[in-house]
Chemist: 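Could you have a look at this structure, given as structure tokens, before my questions?
Order of the sequence lines fixes the chain letters, A, B, ..., with proteins taken first and strands second; residue numbering starts at 1 for each chain.
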Amino acid sequence: MSIDQFKYSRIPPEAEALRAEVRAFLAEALKDYPAVRRADSWMGFDAEFSRRLGAKGWVGMALPKRHGGGEASPFARYVVIEELLAAGAPVSAHWFADRQSGPQILHYGTDAQKERHLPAICRGEQFFCIGMSEPNSGSDLASIKTRARREGDKWVVNGQKVWTTNAHRSHYMIALVRTGENSKRQEGLSQFIIDLSLPGITIRPIKDLTGAEHFNEVFFDELVLDADAIIGTEGQGWGQVTAELAFERSGPERFLSSIALLHTLIDAVGRSPDALQAKEIGRFAARLVTLRNMSLAVTAQLAAGNNPAWEASVVKDLGAVFEQEIPEVAQLLCELPPTVQGGSDHAQVLAYLTQMAPSFSLRGGTREILRGIIARGLGLR
Amino acid sequence: MSIDQFKYSRIPPEAEALRAEVRAFLAEALKDYPAVRRADSWMGFDAEFSRRLGAKGWVGMALPKRHGGGEASPFARYVVIEELLAAGAPVSAHWFADRQSGPQILHYGTDAQKERHLPAICRGEQFFCIGMSEPNSGSDLASIKTRARREGDKWVVNGQKVWTTNAHRSHYMIALVRTGENSKRQEGLSQFIIDLSLPGITIRPIKDLTGAEHFNEVFFDELVLDADAIIGTEGQGWGQVTAELAFERSGPERFLSSIALLHTLIDAVGRSPDALQAKEIGRFAARLVTLRNMSLAVTAQLAAGNNPAWEASVVKDLGAVFEQEIPEVAQLLCELPPTVQGGSDHAQVLAYLTQMAPSFSLRGGTREILRGIIARGLGLR
Amino acid sequence: MRDLFDSSVERLFSDLVTADAVLACEGGEWPTELWTAVEASGFTLALVPESLGGAGATWADVCGVLRLAGRFNLPLPLPEAMLANWLLGASGLAAVLGTLSVAARGTLRLENGRVTGAAVDVPWGRHVRHVVAVAAGAAPAVVLLPTEAATVVRTVNTAAEPRDTLKFEAVVPLASAALPTALSADVLKLGGAMMRAAQIAGALETVLAMATTYAGERVQFGKPIGSFQAIQHQIAVLAEHAAASVMSAEAAFAESDDRLARLPVMAAKICASEAAGIGAGVAHAVHGAIGFTHEHALHLTTRRLWSWRSEFGSLTDWSQQLGRALCGAGSQALWPSVTAGVLAAYEETAA
Amino acid sequence: MRDLFDSSVERLFSDLVTADAVLACEGGEWPTELWTAVEASGFTLALVPESLGGAGATWADVCGVLRLAGRFNLPLPLPEAMLANWLLGASGLAAVLGTLSVAARGTLRLENGRVTGAAVDVPWGRHVRHVVAVAAGAAPAVVLLPTEAATVVRTVNTAAEPRDTLKFEAVVPLASAALPTALSADVLKLGGAMMRAAQIAGALETVLAMATTYAGERVQFGKPIGSFQAIQHQIAVLAEHAAASVMSAEAAFAESDDRLARLPVMAAKICASEAAGIGAGVAHAVHGAIGFTHEHALHLTTRRLWSWRSEFGSLTDWSQQLGRALCGAGSQALWPSVTAGVLAAYEETAA
């Protein structure tokens, strides 16, 4: 680890050039999209919208052209996703396929797997979810118990995943599953691409505290998978999963979750903020600028083939603090109680993000996990 | 422990009646006292001032009349000390004798010890320091190594204390010293009243980061003490020390350390604060009111003979956060960099308290220690 | 009287105010039986003088009742009804039986014996029969208004509690009287702030208990998460703020009598509003994903904390009022104000 | 050029800028030899165009030099001299050798060829021979003033660094030129803010290293305090803010060229000022009593953090400027401003 790895990395002009087109598309596509739905951001699910993005070439765009991608640079992809998130576009349907499953299949998949999944991902038509957490394995991921046993040339899976975002509306899950008996907890884990239409799978949505249904319990009961459902190397699942963490922890979705509220806040405050409003809004903008630069610096590291796991944890933790602080501070700036029915756009967005904010430091590694990683990187553990 | 122990406890009228007299005395005695020295508060040493307070009957005032005290109620003492601290009076000379040593000698001392010390304490003429920390025993107090061995009817002490406030200008130290070989670390400790004029004692002041000398290293080299230097029961020092912690952690000195800065801040802001200044000043006042009520609730518990150790830790930790936050927030409210030479009263008080503030969560138990105690009280350890 | 009140209310609430009952109300139902039971217990009239048919209780007597209302997520305008009837009584008007709330914000004016204007953020406005307000006019007047005469714009807070706007057009109040000179025109806002401060204190007691219990039970990395120092310290901070809220609410109620103790009430709402955010945040961090589900009861309380802190004046609103008063009075007035519990300079200018 | 600069400055500072040297300067001494060595290395002229006798370096080239000045507690107005000479060069004036500082606050006016007014908070004002300022007048002018002509009122910041007020009375500047139209009248405040942001970033690297080392060595309860989760997490937060400061300073320097990049500079000073307090607080909490002593080197850095955050505009000052500009431009301008690194609406109105 090193703070010096945060090198200032401008987005190259050819990637920057995409921005105007994306903005124009979004201005049109979202022109009647309500503020409170923009607050949903990458939890907003709209299959049709994902297909439209696919048609524009903006899903899986960094994948090779032979698999349907655009061979775009990581910075070009960055421009697209940050514009989508800043506008509050509903990107959830293809989000996990674009961020994780696509690159993982490209990296570890067989030719058949690539053929089956990558072009459809790039069209914005094949949606993935990620099966990681289990009821007794939250932060302690290595303790998962879902198990696949070999039967002839098949795998038979039993167990349960939980908090699986979008399982109820995805086509596939990439699941981390125990395949070995090894005593070291991180060993003996493998990843499978599970077709969620197969028999033996029960998906039960979990209502969150706002009443919305984003995540699920998923039960596997004697689920039979073909041999080629495994992705990557049997027993190497832990390594495959942790290798993608830097991607998962440093993107713009790690600090833009509350930007819809910054927008309605500025509208609510008006053109002449008082001393308190001006200070807090300016301070948020400064931190936003800096977090984005840090995130871009990690992107540059990833593009260079490095593994900036420590730096990504720094971005994720600072970003989550930022996202969580916005609703907390916003409620101090306008005398306007939050509302879930009725009330102004700002009152509704405030209510929604106030309630969602606690989850921002849970997903993608809890605050405790991240700070532990940062401390270890400093040599403290 | 219980939050319900924070019962609202008004100061009784007979104690409240003292306030006007104390205020009038201080208005006169401190009329030319500079703002930056008021920021020193209970670190400000002025032997003559302590004697004047003694003459007014405001030192050791809760001690029995037969020992020179006033048999005043704990609330009467509370009124006096909070007025002294709020005014920034230099009370350090008699502070530890008044708060800890006097009550401890009354509780555990022999008649001879009471006779030797209590009347002089009450006159504001005999000053004490508290010998606890050692170089390798900060938070981990039970690991102290200073040792007294018995030789005939004498005790011979060897070892070292550190961070001893006022050792260089006190008459006595009450020291926690190892007298037994017991394997349990908290056992085999005893307390001694050490006459600091004896041979075998070297006191070396330690300059703090502001350049001031409040605390010291104290070395004992074959220091010979009479048998009656021990106070309380041999081997019971740990219990004696911890019994006084609630007194040490809940007084007004645990949240008033930065009040001088609130005063200069209000002056610097002027009569028409902006929205940010008004908010922060009002918020500090609200917390001050509440901390004082919590501190008074603990005082009432102590007066009733209870041991509100948990509640005192709550007051101490919340109080230290408050005291530390005042300079941090104050520097956000006026465009006036802190100064240690030149500049306005406010700039100087800001500079002084900014530098002193880190110590507020060290003395009297670090933040980690206190939060550990609070968690244990909740059943979490 | 305090102990009797506390124990009877605790018994009543723990029997009737279950999580299911609260959720049913959040769905939009008005809990007729629960209201009837609470009203039958007499608490809506607790603060009404005995001469006017009430219990003649003091504010100090009922602090525990309000804390318990918070602890149990009581989905009723009991705090509002108590405050409304207190103000009616203080104004020499007869108390009201039946559903009742207060209007502390808005534009109501009494002119020629009729009230016109909007009452904003009226708790349970759509469900109650009566609303008490202080209407502007030649002089401020306490008015009792029938809600059937109002147009209702429905709004709901994060706890799905109705906070409606009621629009009145030349409505003759059922009763009215001059606001007593000892009371300020913002008396209902101040009183509401005091109520919410106590409710927040109670709610924080609930989330503290839930977080402590959960941390002792949930195992990760082979031990209860409550044995991790980071979790311990977060819960300790929650406990500190819960204690500060309880203390400041108790002080505000204890110092209020015929008039509300402005400085302690402001302090209570400021401390409670700050504590609400901290407490909800810690409780959710400790509970992790499970606490984020609709099925787990944690959100019943945290969603209330997130709204109550903003109602009847946010931290900022009251802090700015207090800060302006303190700066206006000068630094030498700070400490005497704290010890007296009264901001002399403010009392002169505020009303 | 960056790597060369960094390595030569690091060598120079690690040889000469010892704790003793810093403490001697804090006692009031002017470190003649140190200044001579630094000046001999050419860095005071680094940002001067080659055509005017300088090194023609870019801002991006010198960010590391400024971070190192912060890391080593350099007790010299090197940042100020670099900034002053940059402004002279940008205004077409010859660079100055010898001791030199900037005046970013005050009341200086140029009228009839003479400068009158006070320059406030001039770093090392009492020690330097020259000061560069932007004086008001018919149009803002860059002026080079001889300090021997000034009356000095001595002021010292928490790091015992002189921050003096210099009063000028009808003094003829040694050189003057119209402020280039591309630059704003607050260019020295903005430039000073950028310098301090980089110095703070460097200082945070120092306290992070000290806290990490100490936590690994200091034993309590039988193990290094760095093995306690509460200490680990505090140091992690310090590292995060150190990283944010480094990043924001690097961005500000990289985006500045003939003119200073206002939005990135504001962001840098805001983030650095916030990080300074957090970092100093964590470092002291980790070090405990030993870090509070004069003998331990920690305070050499923390006392600088506590002053630097307030100099050339505090967090509040810059945040309010930025916030007002953003609100003035409306919500739809926020995100384009962030991605462009330029607040178009602001640039129009600010200069």
Chemist: Tell me the closest heavy-atom pair linking A:Arg271 and D:Gly328, and the distance in Å.
Modeler: NH1-O, 2.7 Å
Chemist: What's the verdict on side chain to side chain contact (heavy atoms under 4.5 Å, CB included) for A:Lys279 and D:Leu315, showing C-alpha distance, side-chain angles and the deciding distance?
Modeler: CA-CA 8 Å; A:Lys279 178 204 161 213; D:Leu315 181 155; 3.8 Å; yes
Chemist: Is there a side chain to side chain contact (heavy atoms under 4.5 Å, CB included) between D:Thr339 and A:Arg292? Walk through the geometry before answering.
Modeler: CA-CA 9 Å; D:Thr339 56; A:Arg292 179 170 176 271; 3.9 Å; yes
Chemist: Which heavy atom of A:Ile266 sits nearest a heavy atom of D:Ser331, and at what distance?
Modeler: CG2-N, 3.5 Å
Chemist: Please identify, among A:Ile259, A:Ile373, A:Asp4, A:Val321, the residue contributing the most non-hydrogen atom pairs under 4.5 Å to chain D.
Modeler: A:Asp4
Chemist: Using the rule given for side chain to side chain contact (heavy atoms under 4.5 Å, CB included), can you reason through A:Ile3 versus D:Leu208, listing the C-alpha separation, both sets of side-chain angles and the distance that settles it, and then say yes or no?
Modeler: CA-CA 10 Å; A:Ile3 284 176; D:Leu208 174 60; 3.5 Å; yes
Chemist: Rounded at 0.5 Å granularity, tell me how far CG in A:Asp274 sits from CD in D:Gln320.
Modeler: 9.0 Å
Chemist: Could you tell me which non-hydrogen atom of D:Ala243 sits nearest to which non-hydrogen atom of A:Val314, and how far apart they are?
Modeler: CB-CG1, 4.2 Å
Chemist: Using heavy atoms and a sub-4.5 Å threshold, report which of residues 76-89 of chain A line up against chain D, by residue number.
Modeler: A:Glu82, A:Glu83, A:Ala86
Chemist: Give, for atom CD1 of D:Ile270 and atom OG1 of A:Thr290, the distance between the pair rounded to the nearest 0.5 Å.
Modeler: 8.5 Å
Chemist: Quick one: do A:Leu370 and D:Glu240 satisfy side chain to side chain contact (heavy atoms under 4.5 Å, CB included)? Show the steps, please.
Modeler: CA-CA 11 Å; A:Leu370 296 171; D:Glu240 292 174 12; 6.0 Å; no
Chemist: Donor-acceptor pair, A:Arg283 side chain versus D:Glu274 backbone, under 3.5 Å?
Modeler: no
Chemist: Does D:Asp3, at its CG atom, have more than 12 non-hydrogen atoms belonging to other residues, nucleotides or ligands within less than 6.0 Å?
Modeler: no
Chemist: Report the distance from atom SG of D:Cys327 to atom CG of A:Leu265, rounding to the nearest 0.5 Å.
Modeler: 7.0 Å
Chemist: More than 12 heavy atoms of other residues, nucleotides or ligands under 6.0 Å from CZ of A:Phe247: yes or no?
Modeler: no
Chemist: Can you pull the side chain to side chain donor-acceptor pair (under 3.5 Å) pairs that have at least one residue in residues 251-265 of chain A, sequence neighbours excluded?
Modeler: A:Arg99-A:Glu253, A:Ser257-A:Glu323, A:Ser257-A:Arg363, A:Thr264-A:His346
Chemist: Against chain D, label A:Leu256 side chain, backbone, both or neither, depending on which of its atoms sit under 4.5 Å from a heavy atom there.
Modeler: side chain
Chemist: Check each atom of D:Ser245 against the heavy atoms of chain A and say whether the ones under 4.5 Å are side chain, backbone, both or neither.
Modeler: neither
Chemist: At a 4.5 Å cut-off on heavy atoms, which part of D:Val338 comes close to chain A: side chain, backbone, both, or neither?
Modeler: both
Chemist: What part of A:Gln277 is in contact with chain D, defined as an atom under 4.5 angstrom from a non-hydrogen atom: side chain, backbone, both or neither?
Modeler: neither
Chemist: With sequence neighbours left out, what residues match A:Phe284 under ring-ring contact (aromatic ring centres under 6.0 Å, His included)?
Modeler: A:Phe322
Chemist: Sub-4.5 Å heavy-atom contacts with chain A: which residues of residues 231-239 of chain D show up?
Modeler: D:Gln232, D:His233, D:Ile235, D:Ala236, D:Val237, D:Ala239
Chemist: State the CG-CG distance between A:Leu262 and D:Leu334, to the nearest 0.5 angstrom.
Modeler: 6.0 Å
Chemist: About how many Å separate OG1 of D:Thr212 and CG of A:Leu378, when rounded to the nearest 0.5 Å?
Modeler: 5.0 Å
Chemist: Please state whether the side chain, the backbone, both or neither of D:Pro336 comes within less than 4.5 Å of a heavy atom of chain A.
Modeler: both
Chemist: With only heavy atoms counted, which part of A:Arg376 is less than 4.5 Å from chain D, the side chain, the backbone, both or neither?
Modeler: neither
